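What follows is a single structure, and I will ask about it in a moment.
One-based numbering, in listed order, for ligands and for the atoms of each. Treat the numbers as computed from the prediction; the structure is a model and nothing was measured.
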Amino acid sequence: MDKKFDVVVIGGGPAGYVAAIRAAQNGLNTACIDAWLNRDGKAAFGGTCLNAGCIPSKALLESSELYHRAKEEFSGHGIGIENLSLDLDAMQARKAGITSQLSGGIEALFKANKVTGLFGQGHLLPDNKVRYTPHGGEPELLEAEHVILATGSSPIELPMVPFAEGRVVDSWGALDFTAVPKRLGVIGAGVIGLELGSVWGRLGADVTVLEAMDDFLYMADTQVAREALRQFKKQGLDIRLGAKVSASEVTADGVQLSYDDQQGGHEIQVDQVIVAVGRRPYTAELLDPLAGVDVDERGFIAVDDVCRTTALNVWAIGDCVRGPMLAHKGSEEGVVVADLIAGKIAEMNYDVIPSVIYTAPEIAWVGQNEQELQAAGVNYKSGAFSFAASGRAKAMDHDAGMVKMLADADTDRVLGVHIVGPLAGELIGEAVVAMEFQASTEDLQRTIHAHPTLTEAVHEAALAVDGRAVHAINR
Ligand code: FAD
Ligand code: NAD
């Protein structure tokens with residue numbers, strides 16, 4: 001193996017492996033070191049996203065949604081099923097098959113692009129040297145012109161609800177349950193709490209979600225969050241807001257959780273608990289103190305707006321730096337950094353990063369929401385279109401929710417799009433492209449959308465901004 005590289009990437013998640021591939025595509029001799037070990041002890045590229053995050057959660061969301069629809073909705077379509085059954089082992093095996101296939105895919109892409117993929121631990125030394133320690137092997141010294149740090153994040157543990165094998169788990173543990181819990185407690189009504197709470201709720205668990213904040217989904221547009229909460233409550237998720245957990249006790253038959261809200265102190269007894277209260281940047285044993293890389297007070301590697309750290313030719317991307325902890329944000333930072341290293345012009349548009357929550361209905365947004373525009377004193381106009389008036393949504397039997405569009409009142413430029421409804425995560429792509437190209441609502445109004453599709457709701461929301469929706473009464 002070469003010991004000298006143009007680029008060494010530490011971390012092989014969606015930020016790191018994408019950076020490595022793009023660097024190699026740019027003609028740079030590149031290595032990517034990754035420390036991930038799966039439960040079976042096998043090393044695998046793909047990081048949290050592929051092994052314990054985005055992909056396995058979406059596999060279970062899909063399976064559980066199909067089960068739920070078969071149970072609750074098929075009869076409405078005139079389809080009767082006798083003896084519907086659930087084989088959780090098979091569901092979990094399908095999930096595992098998808099992740100191992102995709103992780104193998106990264107290895108194949110590394111080979112095709114001539115990236116040197118290395119399993120083990122990377123440690124940054126001064127002067128762009130990297131100590132690489134293979135799993136179970138002896139350390140080696142690598143030299144690099146540039147180093148990209150992409151070591152990701154890890155779940156936050158609550159001191160009053162410490163993790164307890166099988167009983168009190170983080171999101172990875174919650175993806176691996178071998179039986180459906182009868183009573184499931186979820187701490188945190190954020191993205192993970194809602195997605196994984198939905199999975200186990202659809203499969204039959206009684207789910208209680210304890211959220212410390214009084215506002216539900218504070219980061220989403222208030223109107224969209226309100227509609228989503230209504231739908232989740234209808235589905236039976238018991239979401240308790242303003243609930244501050246004070247203590248937990250693991251007992252022989254479950255976990256007792258104590259919490260306080262405005263009414264006073266409460267206790268609930270559940271079988272298992274998922275703690276989903278956020279993630280923190282992961283940089284353990286990564287940085288030699290003399291390497292010159294600063295870390296901020298919250299533990300993120302300090303970077304400028306193009307991901308340069310405080311050390312020359314050392315860059316950092318993904319969850320270990322500021323910004324939303326999203327796979328596509330880290331991947332794009334990886335592309336930008338790999339292009340900059342190759343001497344190309346590149347920049348990251350942090351204003352147009354989509355967010356998606358893969359519940360049913362899905363929630364998706366891009367750009368600013370109404371409360372942010374109000375706080376910033378922007379003169380804006382808005383339009384909304386309800387899926388209840390969409391022929392396609394009706395045909396799908398999923399017509400809850402809406403598309404809401406916000407635009408500058410003076411220039412008509414689209415400032416934000418907020419969706420709660422069927423396939424919102426797919427629909428938001430149109431808004432992302434529109435905003436990246438600085439589109440006006442008139443651009444979207446004059447764009448022909450196929451009929452009958454859900455995208456017509458985006459079209460109608462653009463029309464509604466100017467009071468010209470066709471399939472709704474404009475107020
Ligand atoms: P990671 O994916 O965490 O990868 C970092 C890698 O670096 C890991 O393999 C780690 O082992 C390795 N590493 C760490 N230290 C070292 C070292 N010293 N040497 C070598 N290797 C090291 N985001 C979305 O956009 N969409 C989703 O649907 C979504 N769903 C999620 C669901 C769950 C349950 C969770 C937990 C997260 C989800 N996320 C989702 C968030 C997403 O997983 C992260 O934003 C993303 O994985 C971050 O990518 P990364 O490359 O920065 O870090
Ligand atoms: P989050 O920040 O989305 O939500 C955490 C929630 O926990 C918040 O609502 C917070 O108010 C609440 N909370 C914090 N402390 C609490 C306490 N002591 N008691 C009760 N509630 C408390 O974090 P997450 O859901 O853990 O997800 C972590 C990261 O992973 C997020 O940044 C998210 O972007 C990413 N992720 C993304 C996706 C996706 O894109 N679909 C899916 C899963 C995870």
Side-chain angles (χ1 to χ4, degrees), residues 9-19 32-38 43-58 60-61 103 118-124 130-133 149-156 158-161 170-172 174-175 186-197 199 209-219 240-246 257 259 274-287 316-321 323-331 333-334 353-359 362-364 425:
V9 183
I10 305 182
Y17 85 74
V18 171
C32 179
I33 306 172
D34 189 70
W36 188 276
L37 288 175
N38 272 317
F45 290 113
T48 304
C49 166
L50 216 161
N51 294 293
C54 320
I55 303 302
S57 61
K58 267 78 244 177
L60 289 185
L61 277 158
S103 172
L118 302 169
F119 289 127
Q121 190 78 19
H123 180 79
L124 182 72
V130 173
R131 190 176 67 220
Y132 160 56
T133 312
L149 308 172
T151 49
S153 62
S154 57
I156 293 174
L158 289 174
M160 60 289 202
V161 196
D170 64 11
S171 54
W172 195 5
L175 289 165
V186 178
I187 304 182
V191 193
I192 293 179
L194 292 173
E195 288 187 355
L196 296 185
V199 165
V209 186
L210 303 177
E211 165 60 50
M213 307 253 302
D214 294 325
D215 291 331
F216 178 67
L217 282 182
Y218 64 91
M219 63 285 202
R240 303 184 188 181
L241 299 173
K244 295 177 181 63
V245 179
S246 51
L257 288 175
Y259 71 93
I274 304 173
V275 180
V277 294
R279 297 176 63 85
R280 59 164 58 98
Y282 182 79
T283 56
E285 294 174 43
L286 172 68
L287 302 169
I317 57 175
D319 278 12
C320 65
V321 304
M325 287 185 169
L326 295 172
H328 43 282
K329 173 263 192 183
S331 297
E333 286 177 334
I353 299 176
S355 292
V356 181
I357 306 176
Y358 296 83
T359 41
E362 289 185 355
I363 304 163

- Item | For L210, the ligand 2 atoms whose distance to one of its heavy atoms is below 4.0 Å |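 Selected atoms, number and element: 20 (C), 21 (N).
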- Item | Any N or O of M325 closer than 3.5 Å to N or O of ligand 2 |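 Yes; at least one N/O pair falls below 3.5 Å.
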- Going by the order shown, which atoms of ligand 2 are within less than 4.0 Å of some heavy atom of I187?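 Counting from 1, the qualifying ligand atoms are 19 (N), 20 (C).
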- Task: Check side-chain hydrogen bond (donor to acceptor under 3.5 Å, both in side chains) between W36 and all other residues, then give those that pass, not counting sequence neighbours.
- Result: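 For W36, the residues satisfying side-chain hydrogen bond (donor to acceptor under 3.5 Å, both in side chains) (neighbours in sequence not counted) are N38.
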- Can you find an N/O atom of T48 closer than 3.5 Å to an N/O atom of ligand 1?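 The answer is yes, given that T48 and ligand 1 share an N or O pair closer than 3.5 Å.
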- Message: Regarding atom 15 (N) of ligand 2: of the candidates D170, V277, T48, which has the closest heavy atom?
- Response: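 Looking at heavy atoms only, the winner is V277.
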- So is Y358 in contact with ligand 1, going by heavy-atom distances below 4.0 Å?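 So Y358 counts as touching ligand 1.
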- Message: Quick one: does any side-chain atom of T151 pair with a main-chain N or O of T283 as donor and acceptor, under 3.5 Å?
- Response: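 Not a single qualifying donor-acceptor pair exists.
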- Do any nitrogen or oxygen atoms of C49 lie less than 3.5 angstrom from nitrogen or oxygen atoms of ligand 1?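 By distance alone, the answer is yes.
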- Query: Excluding sequence neighbours, so at least two apart, what forms side-chain hydrogen bond (donor to acceptor under 3.5 Å, both in side chains) with K58?
  - Reply: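 Only E195 meet the side-chain hydrogen bond (donor to acceptor under 3.5 Å, both in side chains) criterion with K58.
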- Region of E195 that comes within reach of ligand 2 [heavy atoms, distance under 4.0 Å]: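 The answer is the side chain of E195.
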- Item | ligand 1 to L286 polar contact by distance, N or O atoms, under 3.5 Å |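 No: no nitrogen or oxygen of L286 is under 3.5 Å from one in ligand 1.
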- Item | Per-atom contacts of ligand 1 with M325, taking only distances under 4.0 Å to non-hydrogen atoms |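 Every atom of ligand 1 under 4.0 Å from some heavy atom of M325: 41 (C), 45 (O).
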- Query: What part of L326, side chain, backbone, both or neither, has a heavy atom within less than 4.0 angstrom of ligand 2?
  - Reply: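 Looking at L326 and ligand 2, just side chain atoms fall under 4.0 Å.
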- Task: Return yes or no for this condition: an N or O of E195 is under 3.5 Å from an N or O of ligand 1.
- Result: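 No, E195 has no N/O under 3.5 Å of an N/O on ligand 1.
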- Message: Would M213 count as a polar contact of ligand 2, with the cut-off being nitrogen or oxygen pairs under 3.5 Å?
- Response: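 There is no such contact.
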- Message: Distance under 4.0 Å to a non-hydrogen atom of Y358: what atoms of ligand 2 satisfy this?
- Response: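 Going through ligand 2 atom by atom, the ones under 4.0 Å from Y358 are 41 (N).
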- Task: Specify side chain, backbone, both or neither for I156, according to which of its non-hydrogen atoms lie closer than 4.0 Å to ligand 2.
- Result: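 The answer is neither.
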- So is there a nitrogen or oxygen of A35 less than 3.5 Å from a nitrogen or oxygen in ligand 1?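 Yes, at least one N or O pair falls under 3.5 Å.
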